[in-house]
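Here is the structure we will look at.
Below, chain A is the first sequence line, B the second, and so on; all start at residue 1. Predicted model only: the values in this text are computed from it and were never measured.
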Number of protein chains: 4
Amino acid sequence: MINQVTLVGRLTRDPELRYTSEGTAVATFHLAVNRNFKNQAGEIEADFVSCRVWRKLAENVANYCRKGSLIGITGRIQTRRYEDKSGSWVYVTDVVGDDVRFLDKRKEKNVIFTEGRSERKTDIQLETSK
Amino acid sequence: MINQVTLVGRLTRDPELRYTSEGTAVATFHLAVNRNFKNQAGEIEADFVSCRVWRKLAENVANYCRKGSLIGITGRIQTRRYEDKSGSWVYVTDVVGDDVRFLDKRKEKNVIFTEGRSERKTDIQLETSK
Amino acid sequence: MINQVTLVGRLTRDPELRYTSEGTAVATFHLAVNRNFKNQAGEIEADFVSCRVWRKLAENVANYCRKGSLIGITGRIQTRRYEDKSGSWVYVTDVVGDDVRFLDKRKEKNVIFTEGRSERKTDIQLETSK
Amino acid sequence: MINQVTLVGRLTRDPELRYTSEGTAVATFHLAVNRNFKNQAGEIEADFVSCRVWRKLAENVANYCRKGSLIGITGRIQTRRYEDKSGSWVYVTDVVGDDVRFLDKRKEKNVIFTEGRSERKTDIQLETSK
DNA sequence: TTTT
DNA sequence: TTTT
């Protein structure tokens, strides 16, 4: 079945990096995603989405993101529940990311812009091709 | 900012239709979205996503969907929180849908297939508008 | 950067399965995706999106899909261009799928429903890993 | 049916604003979306996606975007075809946007941050409306 | 070259 | 409170 999420927002705090007992890295953080419409008071609110990424991605997020970083994340919604101390069920919803883009990096690193080859040419073409 | 969700899954129960004090229709339901991978035990699990739609969409969902209906929904993640009786915050995550497709309808109704004609029309408009 | 597509539609013909010179399987097909609104004449039109999937997915699509099959596909938009015989550039846009769901299969196969158990397990792990 | 696209990329040139014969604004532009993986030569390539937005959105894009602007766009894939001078069919694929985010704006304007207050309000409404 |  |  289909379960696909795309978010662009800012970290509400530094990400938290932990490791499972098997040694797998997990990073968790909340994204503040400003809404694209105003409430009755004319203000813009935000949704605060809980996100989780695994392995190499987790380490990258921990290394490159801080409170306030603008990121794009794609992934899926995951739900789970657990019993709290008082014995009642708590339902939790997270976004599990399979890709994260760091959108306020000044410039994309490691981008050897070969579009030179393709892009520049393309541009010319777009010119020429009218 | 960007906040976009697409889900395809089945209703876990009949949708619930209610009205706000202003008379606006809201339908709520849970979607069971089977995961596309197996757990360690070789079984497929599901995520149970809480969904909410408003107005005409709410009434359509209430009219056309039942427990087990297969639907596609597109929308966004919305978060909110409230204080429970004991004074602690409860965090809630829902998908607010802006479009719902009924995927087990035998055949799409009112589909008169007319590709070609209208596309050419579109083209002429754009031509003219240069 | 972010490039994410989700489509649900029907195959306009049987998929075509081919192999690259290195022996990698590729399946191509077109999806007819009915629009969710009517044109001025009150008719529903469709978009005909060219899709491509690789490897195991290609073979699954070739085995399980036929003209008219309802599928969901997630992936990304890919563009390329080539020079035709007359020396002018042709621009091509395809959706490259990374996941395909067969939506008119009577029932999901191999789905053994086990919510609860495994979710709790996941939770325990996370607890431990703090 | 479902047809949903999310892209984040940079404009390859300034957008072009035109008007249909009925006076409706249309803006067209190409987005360069860097791929998240390298080719055999270790370089990052891009997809060049043709985009189109209408009405107020078209005017906003024309006013606020320039060559190189980083934007996020959500919308759907639209296909059409036309007959060229030589009488053969040309197939065209565009993304028609229903929302555009300007991602290199220094800071979101008019964002008065009010989480909590309004969320509680929403909740009360729902309570009342049962 | 277009599906139900 | 969980679907096929």
Side-chain angles (χ1 to χ4, degrees), chain A residues 1-3 77 79-81 83 88-91 93, chain B residues 7-16 28-36 43-51 65-73 92 94 101-119, chain C residues 7-16 28-36 43-51 65-73 92 101-119, chain D residues 1-3 79-81 83 88-91 93:
Chain A
M1 292 182 154
I2 291 177
N3 183 340
I77 294 179
T79 60
R80 51 181 229 276
R81 60 176 192 182
E83 233 171 321
S88 53
W89 288 105
V90 179
Y91 293 86
T93 299
Chain B
L7 301 173
V8 173
R10 295 188 181 276
L11 296 222
T12 61
R13 327 176 85 205
D14 291 357
E16 287 186 27
T28 52
F29 53 91
H30 282 81
L31 266 195
V33 183
N34 292 146
R35 294 184 186 165
N36 303 328
E43 305 148 334
I44 286 185
E45 301 175 30
D47 295 290
F48 297 95
V49 185
S50 169
C51 298
C65 295
R66 288 291 163 267
K67 178 179 176 173
S69 299
L70 182 71
I71 70 166
I73 184 169
V92 183
D94 300 296
R101 297 289 111 194
F102 306 121
L103 296 175
D104 43 22
K105 267 175 26 191
R106 296 312 117 226
K107 42 161 38 232
E108 307 265 327
K109 287 203 317 233
N110 299 74
V111 176
I112 303 166
F113 184 52
T114 60
E115 169 272 344
R117 199 153 49 81
S118 53
E119 287 179 350
Chain C
L7 301 172
V8 174
R10 294 187 182 277
L11 296 221
T12 62
R13 327 177 84 206
D14 290 358
E16 287 186 26
T28 54
F29 54 90
H30 282 81
L31 266 195
V33 183
N34 293 145
R35 293 183 186 165
N36 302 329
E43 305 148 335
I44 285 185
E45 300 175 32
D47 295 290
F48 297 95
V49 185
S50 169
C51 298
C65 295
R66 289 290 163 267
K67 178 178 176 175
S69 299
L70 181 71
I71 69 166
I73 185 171
V92 183
R101 296 290 111 195
F102 307 120
L103 297 174
D104 44 20
K105 266 172 29 186
R106 298 310 119 225
K107 43 161 38 231
E108 306 265 327
K109 286 202 316 235
N110 298 73
V111 176
I112 303 167
F113 185 52
T114 60
E115 169 271 343
R117 199 153 49 82
S118 54
E119 288 178 350
Chain D
M1 293 182 154
I2 292 178
N3 183 341
T79 61
R80 50 181 229 277
R81 59 175 193 184
E83 232 170 322
S88 52
W89 289 104
V90 179
Y91 293 85
T93 300

key: Nearest-nucleotide pick for Asn34(B), side chain only, options being dT3(E), dT1(E), dT4(F)   = dT4(F)
key: Of the listed nucleotides dT2(E), dT3(F), dT3(E), the one nearest the side chain of Ala46(C)   = dT3(E)
query = Does a side-chain heavy-atom distance below 4.5 Å link Phe29(C) with Glu16(C)?
reply = no
request  = Remember a base hit wins even if backbone is also touched, and classify Gly9(C) as base, sugar-phosphate or nothing at under 4.0 Å, heavy atoms.
outcome  = nothing
Any side-chain heavy-atom pair of Val8(B) and Leu70(B) under 4.5 Å = yes
query = For Arg81(D) and dT1(E), is the shortest distance between a side-chain N/O and OP1 or OP2 below 4.0 Å?
reply = yes
inquiry  = By nearest atom, which of the nucleotides dT3(E), dT1(E), dT1(F) is closest to the His30(C) side chain?
reply    = dT1(E)
Heavy-atom side-chain proximity of Leu103(B) to Ile71(B) below 4.5 angstrom = no
message = Please pick, from dT3(E), dT4(F), dT1(F), the nucleotide with the shortest atom-to-atom distance to any side-chain atom of Arg10(C).
response = dT3(E)
task = Provide, to the nearest angstrom, the distance between the CD1 atom belonging to Ile2(D) and the C1' atom belonging to dT3(E).
result = 16 Å
inquiry  = Expressed as a whole number of angstroms, how long is the span from Lys67(C):NZ to dT2(E):P?
reply    = 10 Å
message = Without decimals, in angstroms, what is the distance between Leu31(C) CG and dT1(E) P?
response = 19 Å
note = Whole-Å distance, Arg80(D) CZ to dT1(E) C1', equals 18 Å
ask   = Taking atom C1' of dT3(F) as reference, at what distance in whole Å does atom CG of Leu70(B) sit?
value = 10 Å
inquiry  = Rounded to whole Å, please give me the gap between CG in Leu7(C) and P in dT2(E).
reply    = 19 Å
Arg13(C): partners by side chain to side chain contact (heavy atoms under 4.5 Å, CB included), with sequence neighbours left out = none
key: Distance in angstrom units between Glu16(B) CD and dT1(F) C1', rounded   = 10 Å
Partner set under side-chain hydrogen bond (donor to acceptor under 3.5 Å, both in side chains) for Asp14(B), not counting sequence neighbours = none
ask   = Looking at the side chain of Ala32(B), which of dT3(E), dT1(F), dT3(F) is the nearest nucleotide?
value = dT3(F)
message = In whole Å, I'd like the distance from the CZ atom of Phe48(B) to the P atom of dT3(F).
response = 7 Å
